[in-house]
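Lettering follows sequence order; numbering is per chain, from 1. Values below: all heavy atoms of this structure, side chains included; hydrogens, waters and symmetry mates excluded. The structure presented is a predicted model; accordingly, all values stated were derived computationally and were not measured.
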Amino acid sequence: MALDKNGIAQRIAQELKHGYYVNLGIGIPTLVVNYIPKNIDVEFQSENGVLGMGPFPFEGDEDADIINAGKQTITTLKGASFFDSSTSFAMIRGKHVDLTILGAMEVSETGDIANWKIPGKMVKGMGGAMDLVASAENIIVAMMHTNRAGMSKLLKSCSLPLTGVGCVKKIVTELAFLEIGPTGFILLETAPGVTVEQVIQATQGNISVANDVCEMSF
Amino acid sequence: MINKTVPNVTQALKGVKNNMTLLLGGFGLCGIPEKAIAELVRLEVMNLTCISNNAGIDDFGLGLLLQQKQIRKMIASYVGENAEFERQMLSGELEVELIPQGTLAERSRAAQAGFPGFYTPAGYGTEVAEGKEVREFNGKMHVLEKAFEADFGFIKAWKGDEAGNLIFKGTARNFNPNMCGAAKITVVEVEELVSAGSLDPNQIHVPGIFIQRIFKGTGYEKRIEQRTVRSKT
C-alpha cells in the first residue's frame with residue numbers, strides 16, 4: 001500500500017543523524033518532527049531566524065513575535081537562538097545546515113527541482129527555497145510520485161520554472177525511496193506492498209533499480 | 001550621545017514623497033513597522049517601490065498600501081497570503097519582482113555595509129538569473145546580485161534608546177537589523193523607548209549609528225497569521 005503523508009515523513013526521519021542541524025520546508029517536511037529517532041539529538045532551523053525550534057505552544061501561550069517560516073506560532077527548546085535573516089542564510093549558504101527537507105512539484109532525473117511557480121496559475125514566490133537548494137549538500141525531497149491525473153512528477157526534465165539545477169540527492173514519495181545517480185533515478189526502497197514495477201510505471205524519467213532494492217522498514 | 005528621537009510618527013516620516021523606494025522589515029506580519037505603514041496610508045504617498053519579504057495580508061501590513069494602490073512595484077520573496085496582491089499582479093497594475101529570501105536579506109546587508117554587490121549560488125539556472133552576470137567560483141556557478149538603493153528604511157525593534165541603539169525580540173528580528181542603515185534615512189519604531197545608558201551595551205543588536213530617527217509606537221496589534229497550538233491535555 002502506498003504511504004500517506006505521515007508515512008513519507010516517517011521514512012525521511014530515518015535519514016536524520018545525531019548532531020544534524022535540519023531545515024524543514026512547509027507541508028510534508030513539517031511532519032518529520034513527529035518521527036525523530038529517540039536516541040539522537042537534532043536541531044531544527046527555521047529561515048526566518050530561529051535555531052532550536054520546538055513544538056507549537058500550549059493554548060494561551062502563543063507569542064506573535066515567535067513564529068516559524070510558515071508563519072505558525074511555535075516555541076523554542078533549551079539551547080535555542082534567534083538571529084537576523086542575513087545570519088540565517090549565512091547558515092544555509094555557508095553549508096552549516098546539514099540537511100534540507102523540502103517539497104516539490106516536479107523533480108528531474110538530473111536533480112533539478114521546481115516548486116515555486118505555475119505560470120498563469122500560481123505565483124507565490126520562492127521564499128528561501130532557492131537559497132536552500134543552491135547551497136545544501138544534502139537535500140531530501142518529500143513529494144507525491146504522481147499528480148491527481150496520474151501523471152508522473154519524476155521527469156526527464158521539469159516543465160515548470162526551476163527552483164534549482166542538479167541539486168536534489170534523495171526523494172521520498174508515497175511509492176518509493178529513490179536517489180539521483182549519474183543516469184537518473186535509482187530505486188532503493190519500495191513502500192510496503194508497492195512493487196518495483198509500480199514505481200517504474202509511475203516514473204517518467206530514466207530509472208534504474210538498485211541491486212539490493214528492498215521494502216521500507218519502519 | 002547623539003539623540004535620534006523624534007516625538008511622533010509624523011515627524012519620523014517627514015520627507016517621504018511619491019515615487020520613493022522603501023525598505024520595510026518584517027517576516028509575514030511578524031516584526032513589521034505597523035506605525036510607519038499606518039502613516040504611509042494616511043499620507044497617501046503614491047507610486048512607491050516597496051522592498052519587503054512579504055506583502056502583508058489583505059487588511060494588514062503592506063496590504064493596507066495595496067488597498068489604496070499606493071505601491072507601483074513590489075520586491076519580495078513570498079507573496080502567497082494576499083488576494084488583492086494577486087489580483088493587482090495578474091491585472092498588471094502592480095509590478096512584482098520575486099527574489100530568493102537570502103538574496104533579499106543580503107542585498108539589504110550589502111547596502112548597509114557598503115558593498116555594491118555580491119555573488120550567490122541562489123537562483124543560478126532559474127528565471128531569477130536571467131539578464132544577470134554569472135560567474136564560476138570553485139567549479140560552482142554564481143549570480144551577481146546588487147545592493148538595494150532605497151530612500152527610506154522602516155524598522156520595527158522591541159526596545160531602543162535615545163541614541164538609536166536597538167534590541168529585537170524573538171523572530172520579530174528577521175530582516176530588521178539587515179535593513180538598518182541600508183537606505184538614505186532609517187526610521188525605527190520601538191515598543192519601549194528608554195534613555196541612553198539604560199540598555200546594556202553588551203546586549204545591543206544594532207548600534208545607533210545606522211539609525212537617523214527613532215520613536216515610540218503605541219497600541220501594537222501584532223496579528224498572528226497562523227495560530228497553531230497544542231492542547232494541555
Measure distances from [X] to the heavy atoms of chain A and classify the residue's part below 4.5 Å as side chain, backbone, both or neither.
{"X": "B/N53", "answer": "neither"}
{"X": "B/R109", "answer": "side chain"}
{"X": "B/I99", "answer": "backbone"}
{"X": "B/T103", "answer": "both"}
{"X": "B/M89", "answer": "side chain"}

Would you please test B/T21 and B/E149 for side chain to side chain donor-acceptor pair (under 3.5 Å) and show each step?
CA-CA 8 Å; B/T21 298; B/E149 289 179 39; over 6 Å; no
Using non-hydrogen atoms only, which part of [X] is less than 4.5 Å away from chain B: side chain, backbone, both, or neither?
{"X": "A/A129", "answer": "neither"}
{"X": "A/D112", "answer": "neither"}
{"X": "A/T76", "answer": "neither"}
{"X": "A/V133", "answer": "neither"}

Flag the one option from [options] with the top tally of heavy-atom pairs under 4.5 Å to chain B.
{"options": "A/G164, A/P161, A/P55", "result": "A/P55"}
{"options": "A/V165, A/I66, A/I67, A/V50", "result": "A/I67"}
{"options": "A/G70, A/S85, A/A80, A/S81", "result": "A/S85"}
{"options": "A/K117, A/R93, A/K71, A/M130", "result": "A/K71"}
{"options": "A/I92, A/D131, A/N68", "result": "A/D131"}
{"options": "A/L162, A/D61, A/D65", "result": "A/D65"}

Closer than 4.0 angstrom, basic N to acidic O: yes or no for [X] and [Y]?
{"X": "B/E191", "Y": "B/K156", "value": "yes"}
{"X": "B/E145", "Y": "B/K132", "value": "yes"}
{"X": "B/K169", "Y": "A/D63", "value": "yes"}
{"X": "B/E93", "Y": "B/R87", "value": "yes"}

Those residues of residues 116-129 of chain B, ordered by number, that approach chain A below 4.5 Å (heavy atom to heavy atom):
B/T120, B/P121, B/A122, B/G123, B/Y124, B/G125, B/T126, B/E127, B/V128
With chain A as the partner chain, list the residues of residues 23-38 of chain B whose heavy atoms fall under 4.5 Å from it, by residue number, and write 'none' if nothing qualifies.
B/F27, B/G28, B/C30
Answer yes if the side chains of [X] and [Y] hold a donor-acceptor pair under 3.5 Å, and no otherwise.
{"X": "B/T228", "Y": "A/T73", "result": "yes"}
{"X": "A/E47", "Y": "A/N23", "result": "yes"}
{"X": "A/Q14", "Y": "A/R11", "result": "yes"}

Only pairs of heavy atoms separated by less than 4.5 Å count here; which of [options] has the most with chain A?
{"options": "B/S77, B/A105, B/P177", "value": "B/S77"}
{"options": "B/M141, B/H205, B/K140", "value": "B/K140"}
{"options": "B/L104, B/N176, B/L98", "value": "B/L98"}

After noting the C-alpha distance and the side-chain angles of B/N82 and B/L62, does the key distance pass the side-chain contact (heavy atoms from CB on, under 4.5 Å) rule?
CA-CA 10 Å; B/N82 193 321; B/L62 287 177; over 6 Å; no
Does some side-chain heavy atom of B/I214 sit less than 4.5 Å from a side-chain heavy atom of B/L166?
yes
Should the pair B/R173 and A/F82 be classed as cation-pi, given the thresholds of under 6.0 Å to the six-membered ring centre and 45° from the axis?
no
Just checking B/K184: does its NZ atom have more than 12 heavy atoms from other residues, nucleotides or ligands closer to it than 6.0 angstrom?
no
If you count heavy atoms of other groups shown closer than 6.0 angstrom to CD1 of B/I209, is the number above 12?
no
Ignoring hydrogens and geometry, is there a side-chain-to-backbone donor-acceptor pair from A/T75 to A/P57 under 3.5 Å?
no
Check the pair A/N48, A/S88 against side-chain contact (heavy atoms from CB on, under 4.5 Å), reporting the backbone distance first and the verdict last.
CA-CA 7 Å; A/N48 60 315; A/S88 178; over 6 Å; no
Chi angles and distances behind the side chain to side chain donor-acceptor pair (under 3.5 Å) call for B/Y220, B/E189
CA-CA 11 Å; B/Y220 278 94; B/E189 54 189 86; 2.6 Å; yes
Have a look at B/R227 and tell me which of A/Q72, A/E59, A/E62 forms a side chain to side chain donor-acceptor pair (under 3.5 Å) with it.
A/E62
For the CG atom of B/D59 and the CG atom of B/L66, what is their distance to the nearest 0.5 Å?
12.0 Å
